Each structure stands twice: as structure tokens, then as C-alpha cells.
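A short worksheet on the structure shown next.
Remember, it's 1-based here, ligands and their atoms both numbered in the order they're listed. Hydrogens, waters and symmetry mates are skipped; everything else that's a heavy atom, side chains included, is used. Bear in mind the structure is a predicted one, so any value in this text is a computation, not a measurement.
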Amino acid sequence: MSDIINNGSKARIQDVSQRLLKDVLDLCARFSILSLNRQIEACEKLLIQSQPIDVAILGQFKAGKSSFINSLIGKSVLPVGVIPVTTVITRLQYGEKEQAVVRYFDGNTSEIAINDIEAFTSEAENPSNKKNVEVVDIELPSLRDYAGLRLVDTPGLGSVFKYHVETSENWLPQVGTALLAISSDRPLSENDVQLIRELTRHTPNIVLLLTKTDLLSPEQQNEVIEFFERTIQRELNRRLPIYVYSTLVNTEQYKDRLETGLLSMLSLNRDFEFRKILQYKMQSLIRGCLGYLDIALKTSVQADLDRENLHKQIFDEKVNFDLIREELTIIARENQRQTRTLIMNYLDNFQKPLRRKLSLDLEKELFMWKVNLWKLTRRYEEWLADRMTEEMRHISKIEHRHFYGTLNKAHASLSRSIESFRNLLDKNIEKVLGVRLAPADWKIEVSEPDHPDIKTIRSFDFHFDLIWFLIPMIIFRGLFEKHFISEIPHEVEANLSRLAAQWEDRINRAIEEMRKQAINYVKEELSTIDALLSKTHGQTDEINETIKKLQGGLQRLIA
Ligand SMILES: Nc1nc2c(ncn2[C@@H]2O[C@H](COP(=O)(O)OP(=O)(O)OP(=O)(O)O)[C@@H](O)[C@H]2O)c(=O)[nH]1
Ligand SMILES: [Mg+2]
């Protein structure tokens, strides 16, 4: 029953881890997080292979790590010495027959005799790992009791051989259970405490191993152990199991304690321990990720704020689209309002001369029209229409430039207004971003208004000519002629006013066009700058989402 539960939970942890690892890989690529690569690799290895638990012996150089393993397995397999020796990671595990395999960084492997491993793992024969060995794997039948575990000998830390330090530190993420060897003659240095801190990221199982206890009296041993406990408590606020060992004195007794208290326990509960380690590593990896994402989030939030501030400073109360649009509209409307009056004032000059001229002409004309009232009226109307059209066309053609007062004024004001707006914008951009915009070609085109189609209007309110046959012309002709002549001033005024209205319509339309043009310049410029400022959009939302997803994953792992 417990096996079923175990297997179920094993599959679940592996599933959840697999999925989370994919997410982590994606986001590391997206946010260029490289520093988690080794942790990712360690988790990948745990997920891919059903490998043994790596019980790594770590510690300062010459702490007696290799000697301890030799003593534990009862065979001098690993090279030891008084100067820094171990140069390559060496793993020992149970195998039916004795064998040693050298794995190189280039992927090659070669099987060697157990007695020859010194040629690959010692500094003397493989200085700074010139032979490019990634790891040496040894299998021994005598390790049957530790099946499911792999003892890992590591190069010492803190020595002059930088390569040794690098090798061990790089390997750290793969640690399953860490045995931190501390020599009795150098009890617990700052480096050891630092190493424990580092190991805490990679494994829940950290054990202290006080080596070479034969160098201490029993009292001294107790003193050292108490010192360890106090220091770890103070520095790391935790307790760690402490084992003691000597390859020279009471070795069997120490070995027994280690086996029953640690190694056999690990071996027997291998699956449970394995899952615990996988779970721990995944949690640590995700916490690492969340840490980086937090930095990314803060940067992104700051960038958003900066951008917002820039935006605010550039688009201040003066550089404001609504404001300038209103200003341009007021200029246009104000000018449009005056167009008619301006044209009319100018055309007033034509009233008198035109009246006089047409009256005289009409008098001459009437003299020649010896016809009845109906015909007289027709003739008069035709004559008036022709002359009026001719005169209005003439005035329009010769004088129209004088109607352009408001058009020109609007052009000048609109141009001035957008130019000063552009100056403000330029100044703000230079102040905030330190860049000068290229001068803008905001030239407002004046579109020449079309000439109106000039036609005269009828002048009679009541048509006497409809009753012409009742009116004796000999008596009334003089009256009608007077009437026609008296109509001229009114006709002139009405037609001049109509001419003004037609031109007003066209000029105001042209002003409207200019207003639109000006607004468009401003609008396009502002939206370009706005787009540039928000183009490099912050990743805040995206990061927040990723953080939420990872936190969810972390919860699932812990559950
Ligand atoms: N007195 C005493 N000496 C020991 C004991 N274990 C190891 N030594 C000595 O300590 C020295 C270093 O031993 P190594 O096993 O090479 O130490 P190491 O930690 O593997 O060293 P590096 O591989 O260089 O990091 C050797 O001279 C050993 O003989 C012990 O239990 N008691
Ligand atoms: Mg060694």
C-alpha cells in the first residue's frame, strides 16, 4: 500500500517538476538568466536518469576527504597525500564487478584499471586536469551495502589550486547529500560556514564530519563539537547532524555510527530521499528564479515610471493637444466670423459708382425700348441680369484678392500658433531627452477659394407685367421707367451682398481647411512622440504573470 502511495507521489513530483522545469527554461531564455544553468542541469539530470543519490564529501583541502572514503570502503582506491591531491570529481558506487571509467568533457569515455585512477584524479599526475576529465566513475562490489548511493570525492576548497575550487563549486548543484569534512586541526572556518550556506541552496541533507579525531583528546573532541553546534546555530540559525571520524583510531566504531545513522538510512529510503532532494532542488531553483524575476519586475516598474515621468514632462500643461486644438479652432472661427463684414466693407465702395453707372445706362437703354409693358419688363429683366452678372463677374475677377483679408490673417495666426507650439514641444523634448528634433515643415497651404458662379437675382415683388394689357403705356410708361431706375440701388446692394456671401462661403471653407491642416500637423507630431515613448513597453504585466505562475508551481511542489 505504502509503495503505491510512494510511486504515485513519485510520479506526481516528477511530473510537476518536469513541467516547472520547462517553464523555468523558457523564462531564463526570455529574461537572459544564465546563472541558474547549473541548477537547471542538476534538476534535469535527476529527472532524466534514475540515478543514485550523490553523497558528496566536500570541504577544505587536506580535510581528509579521500582518506575517509578509502577507509569507509576498506580499500585504498583514491589517492591521498599531505599536499593538495584530488583534482577530479570521483564517484564510487556499487557494481557487480570492479571497474573504473574515465569520462571526458568531450563525451569520450575510457575504462581503466582501478589501480590506475591516480593517473587521472591526482594533481601530481593530472595537473589542473590537463587530461580534461569530467568525472571518474568507479564501481565496487564491496559497496553493496550502499546500493542506491554514490560516494563522491571532490577536490578540496581553499587551496592554491584554483582549478580544484572551481571544479567542486561547479559541481555543488548536483549534490544529493553533503558530508562536509572538517579537519580536527582546523575546526570550522568562515569558508566552511560559507560552504554550508551555499549547500543550503542545493540539498536539504547537510551533515558535518569532523575528521582526524585521533588528533584530539575526548575532551577536546567534545569541545570542538560544541563549538560547531554553537557556531552553526549562531551563523545559520539551524542544527546539523555531526559525525566524527578517524582513519587511524576507533575507525570501526565511527564507521558503524555513520552507517546506521546516515548511510544505511539513505540507502534504504533511497526513493523517498531522492524525491526529497529533487523537490528541494526544484524549490530552490524556483526561488532563485523568483529572485531574479523580482529584480526584472522592479527594473520594469521603474522603467514604466521613468517613461511615465518623461511623458508627463514632455506633454506638460502647455504641450497639450486639446489646448492647441481649441486655440486653432478659436483663431479659425474668429476670422471666419469677420469674413463677410470685411468683404462687405470693401464692396461698399462699389455701391455708388455702380448705381450711378447702371442707372445712366438704363436710362439710355429705356429710351430705345419702344415696346409694351410686358416686353418692357422682360427687356429690363434681361438687361439687368446681363449687366449685373457682367459687373459682378468683373468685380469678382478684378477685386477678389481684396476679399482675402481674413484668409490671410487666419493663415498667419494659425501658422504662428503651431510654430510656437512646436517650439514648446522642441524645448521640452530637448530638456527631457536631450535630443533636438529636426525642424518641422509645418507650412500651412492656402488653398485659393474657387470663384463663385455669379448669377443675379430677380427684383420684383409683384409682377405688373402680368396685367400689362390693362395698363395704357402712353400714360404710365414714365412711371414704370422711374420704377425700374429706382430699383437699381436695391439691385446693386442685393447683388453685392450676394457676391460677398458667395465669397464668404468659399473663404471660410479655405480657413476651415487650414485649421484642419494645422491640427493634423500637431496631432501627427504628438502621436509620433507618444508612440516612441511607449514603444519599449515595460514587461511589468508579463513578469507579474510569470511570477504568479512560478509561485503556483512552488505551491504544487510543496503540497
Ligand atoms: N591523523 C590523521 N590524518 C589523516 C586522517 N585522514 C587523513 N589524514 C591525513 O590528511 C592528509 C590529507 O588527506 P587526503 O585524504 O588527501 O585529504 P583530502 O581532503 O582528500 O585532500 P585534497 O584531495 O587535496 O582536498 C593526508 O596526509 C592523510 O594521511 C586521519 O583520520 N587522521
Ligand atoms: Mg582528496
Side-chain angles (χ1 to χ4, degrees), residues 54-92 100 102 114-131 133 135-138 150-172 175 178-189 191-192 194-196 198-199 207-218 220-221 224-225 242-258:
D54 279 328
V55 181
I57 327 298
L58 298 147
Q60 302 300 302
F61 71 103
K62 302 283 54 86
K65 301 179 290 295
S66 307
S67 303
F68 164 72
I69 294 178
N70 283 343
S71 163
L72 199 65
I73 62 179
K75 199 173 163 94
S76 281
V77 173
L78 305 170
V80 295
V82 286
I83 54 168
V85 174
T86 311
T87 196
V88 163
I89 301 286
T90 315
R91 303 185 291 202
L92 303 95
V102 180
I114 293 265
N115 292 338
D116 291 340
I117 72 154
E118 197 165 338
F120 301 91
T121 64
S122 77
E123 180 62 31
E125 296 193 40
N126 180 12
S128 293
N129 193 16
K130 275 212 174 87
K131 296 179 180 170
V133 179
V135 67
V136 174
D137 275 323
I138 298 166
R150 188 159 56 181
L151 301 172
V152 184
D153 189 24
T154 62
L157 302 168
S159 84
V160 289
F161 294 104
K162 291 282 166 277
Y163 181 78
H164 295 183
V165 181
E166 258 170 47
T167 306
S168 287
E169 282 180 350
N170 285 346
W171 189 84
L172 276 192
V175 66
L179 266 175
L180 174 53
I182 302 163
S183 175
S184 291
D185 52 3
R186 251 186 324 183
L188 207 63
S189 65
N191 290 342
D192 293 319
Q194 193 46 44
L195 180 60
I196 298 173
E198 174 72 1
L199 281 167
V207 174
L208 298 189
L209 182 70
L210 179 64
T211 59
K212 308 187 194 178
T213 45
D214 52 278
L215 298 176
L216 305 173
S217 68
Q220 286 172 324
Q221 258 188 52
V224 171
I225 290 172
I242 302 172
Y243 288 91
V244 293
Y245 206 87
S246 166
T247 58
L248 303 178
V249 178
N250 292 337
T251 309
E252 285 310 310
Q253 192 190 326
Y254 295 138
K255 205 192 284 187
D256 265 3
R257 248 190 252 161
L258 248 171

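Applying side-chain contact (heavy atoms from CB on, under 4.5 Å) to L92 and the options V152, N70, L78, V55 leaves one that passes, L78. Each of S183, P218, S246 was compared with T213 under the side-chain contact (heavy atoms from CB on, under 4.5 Å) criterion, and only S246 meets it.
Residues passing the side chain to side chain donor-acceptor pair (under 3.5 Å) test with S159: none are found, sequence neighbours excluded.
When distances to the Mg ion (ligand 2) are checked against a cut-off of 2.8 Å, T154 contributes no N, O or S atom below that limit. Within the 2.8 Å limit, S66 places at least one N, O or S atom next to the Mg ion (ligand 2).
Residues S66 and T86 have side chains that bring a donor and an acceptor to within less than 3.5 angstrom of each other. Counted by atom type alone, Y245 and S71 present one or more donor-acceptor pairs between their side chains at under 3.5 Å.
Under 4.0 Å from any atom of ligand 1, one finds heavy atoms of residues F61, K62, A63, G64, K65, S66, S67, V80, G81, V82, P84, V85, T86, G156, K212, D214, L215, S246, T247, L248.
Here the side chains of L172 and L195 are in contact, with some heavy-atom distance below 4.5 Å.
One N or O on the side chain of K62 and one on the backbone of G81 form a donor-acceptor pair closer than 3.5 Å.
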